Number of protein chains: 2
Amino acid sequence: MKYPVRMTHQREVILDELKRTRTHPTADELYTRVKKRLPRISLSTVYRNLETLSNAGLVSKLEITGRQKRFDWNQEPHDHIICTICQRIDDIIPPMSGLGQLSDIPSDRHGYQLTGWRVEFFGICPDCQQKHNETHDHDPSKETQ
Amino acid sequence: MKYPVRMTHQREVILDELKRTRTHPTADELYTRVKKRLPRISLSTVYRNLETLSNAGLVSKLEITGRQKRFDWNQEPHDHIICTICQRIDDIIPPMSGLGQLSDIPSDRHGYQLTGWRVEFFGICPDCQQKHNETHDHDPSKETQ
DNA sequence: TTAGTTGCAAAACGTTTGCAACCCG
DNA sequence: CGGGTTGCAAACGTTTTGCAACTAA
């Protein structure tokens with residue numbers, strides 16, 4: 001699943017910065033980081049390379065529901081849990097994600113040839129739970145979905 | 001889960017058009033339909049109302065991963081299967097969707113307070129399968145993820 | 001009466017593209 | 001050397017917003 005790509009300096013730095021970022025940065029977050037090391041790099045180079053590198057199988061692209069694309073160095077299949085308050089995204093380790101139980105879905109369901117699925121979990125992250133407990137106000141209309 | 005909203009003429013027509021559209025239209029698809037009945041309506045009114053109506057619990061918003069938002073009259077919880085070729089979206093009936101098996105996820109996983117999850121299925125719809133069989137060319141690099 | 005809603009235009013947002021200069025293999 | 005890649009600027013498609021006029025309750 002990994003295809004060869006020409007390894008430019010920009011590409012190396014982008015990959016390196018992604019590797020050392022445990023969060024799931026957006027293209028412009030990564031651009032901000034990379035720009036510290038390569039001040040003349042452009043945002044479009046970052047976009048183009050993330051696209052290229054994800055096609056080449058070197059990074060993975062997270063197209064999380066209704067949100068900006070995010071990129072991930074972690075190539076192992078895993079799911080994500082998204083904080084509906086601060087939008088932070090964390091990894092979920094596969095054995096607990098429910099993916100296993102889903103494999104018995106009939107592939108010809110609705111006439112579709114099934115090629116994959118994605119599970120996203122939503123919740124409130126530890127930090128936001130704490131803030132919530134401190135302030136004690138609750139507005140359900142602000143919640144996702 | 002349904003909050004009252006002021007029922008304007010525009011809102012009525014938007015709701016009615018959404019109700020009679022079995023697909024999951026985007027805001028501009030709906031705008032095109034509604035404009036035939038209300039030629040002076042603006043796209044921003046459609047956007048604003050879909051947002052308002054979905055907050056009010058009268059329609060549901062599908063924020064499918066990396067794609068344009070789509071809207072749905074069907075308020076019953078159900079999942080979706082998305083054609084990776086033509087982007088068409090169909091409903092999946094709950095008993096087969098796998099949601100049931102996921103309910104045993106521990107809610108304190110990773111310190112998150114779990115509030116929900118979403119499953120999206122990807123596949124090739126009957127129409128695109130047929131077209132594929134007719135043309136016989138296959139480019140795996142064009143497939144989603 | 002008045003707070004919520006409309007149409008319009010413009011802005012915002014994330015992302016992609018055309019292009020000439022450049023550089024990796 | 002030649003084709004892939006870069007930086008820049010400009011365009012793109014989708015969505016949001018500011019505003020004065022309007023309208024449902």
Side-chain angles (χ1 to χ4, degrees), chain A residues 3-18 24-56 58-71 82 87 89 141-142 144-145, chain B residues 2-18 24-56 58-71 87 89 141-142 144-145:
Chain A
Y3 302 95
V5 283
R6 205 162 114 176
M7 201 41 75
T8 64
H9 188 36
Q10 289 89 332
R11 221 158 259 180
E12 270 170 351
V13 176
I14 288 169
L15 271 174
D16 185 65
E17 281 299 327
L18 191 56
H24 305 79
T26 59
D28 59 296
E29 280 165 7
L30 206 47
Y31 168 66
T32 305
R33 289 169 165 277
V34 169
K35 211 180 162 85
K36 287 177 186 149
R37 291 168 61 180
L38 303 175
R40 288 188 52 78
I41 201 172
S42 77
L43 179 57
S44 47
T45 298
V46 175
Y47 269 108
R48 264 187 298 228
N49 280 334
L50 288 170
E51 191 62 30
T52 305
L53 293 168
S54 102
N55 286 338
L58 292 172
V59 311
S60 55
K61 194 179 356 173
L62 316 184
E63 304 188 74
I64 303 288
T65 289
R67 293 178 170 80
Q68 226 177 323
K69 283 175 192 156
R70 291 179 176 269
F71 297 86
I82 302 127
Q87 316 300 319
I89 298 175
S141 73
K142 291 289 181 301
T144 294
Q145 263 209 345
Chain B
K2 295 196 184 184
Y3 301 95
V5 283
R6 205 161 114 177
M7 201 40 75
T8 63
H9 189 36
Q10 289 90 331
R11 220 159 259 181
E12 270 169 352
V13 177
I14 288 169
L15 271 174
D16 185 65
E17 281 299 327
L18 191 56
H24 304 78
T26 58
D28 60 297
E29 280 165 7
L30 206 47
Y31 169 65
T32 306
R33 290 169 164 277
V34 169
K35 210 179 163 86
K36 286 177 187 150
R37 292 168 61 180
L38 303 175
R40 290 189 49 78
I41 202 173
S42 76
L43 179 57
S44 49
T45 299
V46 175
Y47 269 107
R48 265 187 299 227
N49 279 334
L50 288 171
E51 191 62 32
T52 305
L53 293 168
S54 101
N55 286 338
L58 291 173
V59 310
S60 55
K61 198 185 344 179
L62 316 184
E63 304 187 74
I64 302 289
T65 288
R67 291 178 171 77
Q68 222 177 327
K69 284 174 192 156
R70 291 178 176 270
F71 297 87
Q87 316 300 319
I89 298 176
S141 74
K142 291 290 182 299
T144 293
Q145 269 215 339

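Note on naming: letters A, B, ... go to the chains in the order of the sequence lines (proteins, then strands), and numbering restarts at 1 for each one. Because the structure is a prediction, the values reported are computed rather than measured.
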> Rounded to whole Å, please give me the gap between CZ in A/Arg40 and P in D/dT6.
14 Å

> Using a heavy-atom cut-off of under 4.0 Å over every strand shown, decide if B/Gln10 touches base, sugar-phosphate, or nothing.
sugar-phosphate

> Take the protein atom CG of A/Asn49 and the nucleotide atom P of D/dG4, then report the distance between them rounded to whole Å.
15 Å

> Would you check if A/Ile14 and A/Ile41 make a side-chain contact, meaning some heavy-atom pair closer than 4.5 Å?
yes

> Select from B/Val5 and A/Arg48 the residue whose nearest nucleotide in DNA chain D is closer to the 5' end of that strand.
A/Arg48

> Name every residue in residues 24-37 of chain B that has at least one heavy atom under 4.0 Å from any atom of DNA chain C, in order of residue number, or write none if there are no such residues.
none

> For the residue pair A/Ala56 and A/Val5, what are the closest heavy atoms and their distance?
CB-CG1, 3.6 Å

> How do B/Pro39 and B/Thr52 order along DNA chain C: which one's closest nucleotide is nearer the 5' end?
B/Thr52

> Any heavy-atom pair between the side chains of B/Lys69 and B/Leu62 that's under 4.5 Å?
no

> Rounded to the nearest Å, what distance is computed from the CD atom of residue B/Glu12 to the C1' atom of nucleotide D/dA25?
14 Å

> Is it true that B/Glu29 and B/Arg70 have a side-chain N and a carboxylate O under 4.0 angstrom from each other?
yes

> Grab the CG-P distance between A/Leu50 and D/dT5 for me, whole Å please.
14 Å

> When you list every nucleotide of DNA chain C with an atom under 4.0 Å from a heavy atom of chain B, which one comes first 5' to 3', and which comes last?
C/dA3 to C/dA9

> With a 4.0 Å cut-off on N to O distance, would you call B/Glu51 and B/Lys61 a salt bridge?
yes

> Once you round it to whole Å, what is the distance between C1' of D/dT5 and CD1 of A/Ile14?
11 Å

> So which one's nearest nucleotide on DNA chain D is more toward 5', B/Met7 or B/Gln68?
B/Gln68

> Please round to the nearest 0.5 Å and tell me the distance separating atom CZ of A/Arg37 and atom CD of A/Glu12.
9.5 Å

> Quick check: on DNA chain C, is the nucleotide nearest A/Leu43 upstream (toward 5') of the one nearest B/Arg11, or the reverse? Name the residue that is more 5'.
B/Arg11

> Given atom OH of B/Tyr47 and atom C1' of D/dT15, what is their separation to the nearest angstrom?
5 Å

> Please report the closest heavy-atom contact between B/Leu30 and B/Pro25, naming both atoms and the distance.
CD1-CG, 4.1 Å

> Testing the basics here: between B/Tyr3 and B/Asn55, what is the closest heavy-atom pair and its distance to 0.1 Å?
CD1-O, 3.5 Å

> Less than 4.5 Å apart, side chain to side chain, heavy atoms only: is that true for A/Arg11 and A/Arg6?
yes

